[in-house]
Visitor: 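What follows is a single structure, and I will ask about it in a moment.
Whatever order the structure lists ligands and atoms in, that order sets their numbers, starting from 1. Residue numbers start at 1 and run along the sequence shown.
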Amino acid sequence: MKQEPATLLIIGGVAGGASAAARARRHSETTRIILLERGPDVSFANCGLPYHIGGDIPDRADLAIQTPESLRAMLNLDVRTLTEAIGIDRAKKEVRVRSLTDGSESSIAYDKLILAPGASPLRPPLPGIDSPLVHTLRNLQDMDRIKAAASNVSHVAIIGAGFIGLEMAEQLHAIGKQVSVIELQPQVLPQLDAEMVRQLEITLRDKGIELILGDGIDGFETTPDGIAAKLKSGRNLDTGLVILSIGVRPESGLAKDAGLDLGPRGHIKVDSHQLTNDPDIYAVGDVCETEDPILGKRAAIPLGGPANRQGRTAADHIFLGGKALPYPGSIGTAIVRVFDQAAGIAGWSETRLKMEGVAYQTVTVNGASHASYFPGAETITLKLLWSPEDGRVLGAQASGKDGVDKRLDVIATALRGRLTIDDLAHLELAYAPPFGNAKDVINVAGFAAGNIRDGLLVPVASLSGAGPQIVDVRPAATAAKRPVPGAKNIPLPDLRARLGELDRSQPVFTVCQMGKTSYFAARILANHGFDARSILGGAHHQL
Ligand SMILES: Cc1cc2nc3c(=O)[nH]c(=O)nc-3n(C[C@H](O)[C@H](O)[C@H](O)COP(=O)(O)OP(=O)(O)OC[C@H]3O[C@@H](n4cnc5c(N)ncnc54)[C@H](O)[C@@H]3O)c2cc1C
């Protein structure tokens, strides 16, 4: 039977909270739905904030997807902006709130409560961190402050080379700023495996962006011209403006004080309907941890898609009870554009699988974004990870100029459907020359993975893992242009005739430009009795 609480109170009026409110209203015209928001705006496009700073989204108003007035008019919501929830009394089923306009406090009773307060940018307690020149980006006001501050400086330091840090680097470069990006890890985009972001790093440096990798921040110091970021390496980086984008912390203080169960990193624990350990309190979005459906572990994934869909899930459970569909967990599909490059991930990376001690196999293949004979085709590099036990896909990363999003979305669907490498080999994807390939790079990854499982391809992950006998099977001119160190060049068409030049007592490591011809060469060699191994991804990926 349909349940209709008299009052549904929602804390947090952006991605998760506004989605929950809208879905709730579609279930009931009688429930009083109160949306509390600490800031002045509701339901704005956080993900679009960097693009207004750089001018891709010229009109600020486009970021305000809804306003309090539009939510009142369309959904009959009781929207209270500039109102902060400061305490939850679970016994009385009341939330204490403070008006940020006049400081007055009052209590609001609820029948059901949804917590959607999100996560706040990390600001570690470093010396000088409170300088007005050190900014974080979460809402429209942060964006306005950064945009105004950036107009007066020539150089900006971005701390943290994750998705938001790289978006900001691109956008600040677009408005003519000199940009330095400082990242503690020895690579940009540490969510991806190192070799998958090499091209992004090259592109960033080619654009004149300074990458300071493997270095952290010890603090900040005011200088006559601005601020100096003091790096762990001892370097002092003089800049006019600092943007911190080093991660987020769940805003779970209210939940903790109310005795709700939290996970090890402070996220609110919820079940598959987003219900906390209180039967009348739900939590959605960046503040909560959920299930990773790939390996069945707990996962806290601060992304827009999960927040929106979790909000919907919570509202469904409030009104439909046991009939509501559960939230299936988050797999962490993410993508970033950096100038003409894109890179992204769905599911687990090799680095994380290693850290968790999970058995995996991996292959990296290159393919064209659409038929290579049709103008405009670009190379996509796809790294696939799967379980050696049953061939189930565990994750993938893709990089390139075009079609990266489409391949990641296919992998995300495969992860959700628990597909295997053999399923990928036979996915029937949309193909006409301007759009794809008869054998898409996704199919090719499935073929290559199957070849590894069946022993037809003995892979070597990198050139550094190759032994002394390396054969470069690219055409002589290509090999001469960008030689593979220590390799003997025998172009593929000559290989059968020149087998006598190779030492049969030692393994032969084949390499080519994109990873495909070296596989063909390794098959020729194996069929002639050699111990042949193919270097994955080719020189394109390795040099
Ligand atoms: C710059 C930027 C770019 C991003 N880009 C992407 C992207 O490209 N793709 C992607 O998937 N994700 C992206 N994200 C992440 C995505 O925006 C978040 O995952 C998503 O907004 C989380 O939704 P949420 O509802 O949990 O929290 P939020 O959307 O942050 O909303 C929480 C709201 O709750 C309010 N609040 C908190 N505490 C209280 C309280 N006590 N009382 C009243 N109100 C309170 C806060 O003011 C806040 O407005 C980006 C985030 C940022 C900041």
Visitor: Would one find an N or O of Glu84, backbone or side chain, under 3.5 Å from an N or O of ligand 1?
Guide: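 Looking only at distances, the answer is no, because the N/O contact criterion of under 3.5 Å is not met.
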Visitor: Applying the side chain to side chain contact (heavy atoms under 4.5 Å, CB included) test to Val134, which of Leu126, Leu244, Ile159 qualifies?
Guide: Leu244
Visitor: Any donor and acceptor pair, going by atom type alone, linking the side chain of Glu183 with main-chain N or O of Leu211 inside 3.5 Å?
Guide: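 The answer is no, because no donor-acceptor pair under 3.5 Å joins these two groups.
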Visitor: Measure the distance from atom 47 (O) of ligand 1 to every protein heavy atom, then report the residue, atom name and distance (to 0.1 Å) of the closest one.
Guide: Glu37 OE2, 2.7 Å
Visitor: Give the atoms of ligand 1, by number and element, whose distance to some non-hydrogen atom of Ala15 is under 4.0 Å.
Guide: 20 (C), 21 (O), 23 (O), 25 (O), 29 (O)
Visitor: Note the single closest protein heavy atom to atom 45 (C) of ligand 1, along with its residue, its atom name and the distance in Å.
Guide: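 Going by distance alone, atom 45 (C) of ligand 1 is nearest to Arg38 CB, 3.8 Å.
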Visitor: Under 4.0 Å from a heavy atom of Leu254: give me the atoms of ligand 1 that qualify, with their elements.
Guide: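 It comes down to these atoms of ligand 1: 41 (N).
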Visitor: Check each of Ala116, Gly12, Gly253 against atom 32 (C) of ligand 1 and report the one with the nearest heavy atom.
Guide: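 Residue with the shortest heavy-atom distance to the ligand atom: Ala116.
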Visitor: Show your working on salt bridge (charged side-chain N to carboxylate O under 4.0 Å, His left out) between Arg138 and Glu251 and close with a plain yes or no.
Guide: CA-CA 13 Å; Arg138 180 177 184 190; Glu251 290 215 42; 2.5 Å; yes
Visitor: Under a 4.0 angstrom heavy-atom cut-off, which atoms of ligand 1 come close to Ile11?
Guide: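 Ligand 1 atoms under the 4.0 Å threshold to Ile11: 40 (C), 42 (N), 43 (C).
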Visitor: Under 3.5 Å, N or O to N or O, is Leu137 touching ligand 1 that way?
Guide: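 Min N/O separation from ligand 1 is not below 3.5 Å for Leu137.
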Visitor: Under 3.5 Å, N or O to N or O, is Ala119 touching ligand 1 that way?
Guide: no
Visitor: Name the orientation class of the two ring planes belonging to His173 and Phe339 (parallel below 30°, tilted from 30 to 60°, perpendicular beyond 60°).
Guide: perpendicular
Visitor: How far is atom 25 (O) of ligand 1 from its nearest protein heavy atom, and which residue and atom name does that atom have?
Guide: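 Checking every protein heavy atom, the shortest distance to atom 25 (O) of ligand 1 gives Gly16 N, 2.7 Å.
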Visitor: Should the proximity of Ile164 to ligand 1, defined as any heavy atom under 4.0 Å, be assigned to the side chain, the backbone, both, or neither?
Guide: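 Contact part for Ile164 vs ligand 1: side chain (C-beta onward).
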Visitor: Can you find a non-hydrogen atom of Val42 under 4.0 Å from ligand 1?
Guide: no
Visitor: Okay, side chain of Glu201, backbone of Val188: is any donor-acceptor separation there less than 3.5 Å?
Guide: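 Yes: the side chain of Glu201 pairs with the backbone of Val188.
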Visitor: Do any N or O atoms from the side chain of Thr276 and from the backbone of Val270 form a donor-acceptor pair under 3.5 angstrom?
Guide: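 The answer is no, because no donor-acceptor pair under 3.5 Å joins these two groups.
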Visitor: For the side chain to side chain donor-acceptor pair (under 3.5 Å) test, which of Thr364, Asp193, Thr362 pairs with Lys383?
Guide: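 Exactly one pass, corresponding to Asp193.
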Visitor: For Gly285, take its heavy atoms, then give the atoms of ligand 1 lying under 4.0 Å from any of them.
Guide: 26 (O)
Visitor: Can a donor-acceptor pair be found between the side chains of Ser107 and Arg96 at a distance below 3.5 Å?
Guide: yes
Visitor: So, regarding Leu303 and ligand 1 (criterion: nitrogen or oxygen to nitrogen or oxygen, under 3.5 Å), is there a contact or not?
Guide: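 N/O-N/O distance below 3.5 Å exists for this pair.
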Visitor: Any donor-acceptor pair under 3.5 Å linking the side chain of Arg80 with the backbone of Ser99?
Guide: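 Such a contact is absent between Arg80 side chain and Ser99 backbone.
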Visitor: Of the protein's non-hydrogen atoms, which lies at the shortest distance from atom 30 (O) of ligand 1, and what is that distance?
Guide: Arg138 NH2, 3.0 Å
Visitor: Looking only at protein heavy atoms, which one is nearest to atom 31 (O) of ligand 1, and how far off is it?
Guide: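 Checked against all protein heavy atoms, atom 31 (O) of ligand 1 sits closest to Val14 CB, 3.4 Å.
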Visitor: Taking all atoms of both residues into account, what is the closest heavy-atom pair of Arg205 and Leu213, and its distance?
Guide: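 Smallest interatomic distance, heavy atoms only, reads NH2-CD1, 4.1 Å.
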Visitor: If hydrogens are left out, which of Pro117, Cys47, Gly311 has an atom nearest to atom 38 (N) of ligand 1, that is, the closest non-hydrogen atom?
Guide: Pro117
Visitor: Heavy-atom contacts with Ala307 under 4.0 Å: which atoms of ligand 1 show up? List them by number with element.
Guide: 22 (C), 23 (O)
Visitor: For atom 10 (C) of ligand 1, find the nearest protein heavy atom and state the residue, atom name and distance (0.1 Å precision).
Guide: Gly304 N, 3.4 Å
Visitor: Among all protein heavy atoms, pick out the one at the shortest distance from atom 21 (O) of ligand 1; state its residue, atom name and that distance to 0.1 Å.
Guide: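 Answer, as residue, atom name and distance: Asn46 ND2, 3.1 Å.
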Visitor: So, Thr67 side chain and Ser70 main chain: donor-acceptor pair closer than 3.5 Å or not?
Guide: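 It does hold such a pair.
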Visitor: Considering heavy atoms of the protein only, find what lies nearest to atom 15 (C) of ligand 1 and give residue, atom and distance to 0.1 Å.
Guide: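 For this ligand atom, the closest protein heavy atom is Pro302 O, 3.9 Å.
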Visitor: Keeping Arg298 on the side-chain end and Glu289 on the backbone end, is there a donor-acceptor pair under 3.5 Å?
Guide: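 Yes; at least one donor-acceptor contact below 3.5 Å.
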Visitor: Kindly compute the distance separating CD1 (Ile88) from CG (Asp257), expressed to the nearest 0.5 Å.
Guide: 8.5 Å
Visitor: Does an N or O anywhere in Ala85 fall below 3.5 Å from an N or O of ligand 1?
Guide: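 Min N/O separation from ligand 1 is below 3.5 Å for Ala85.
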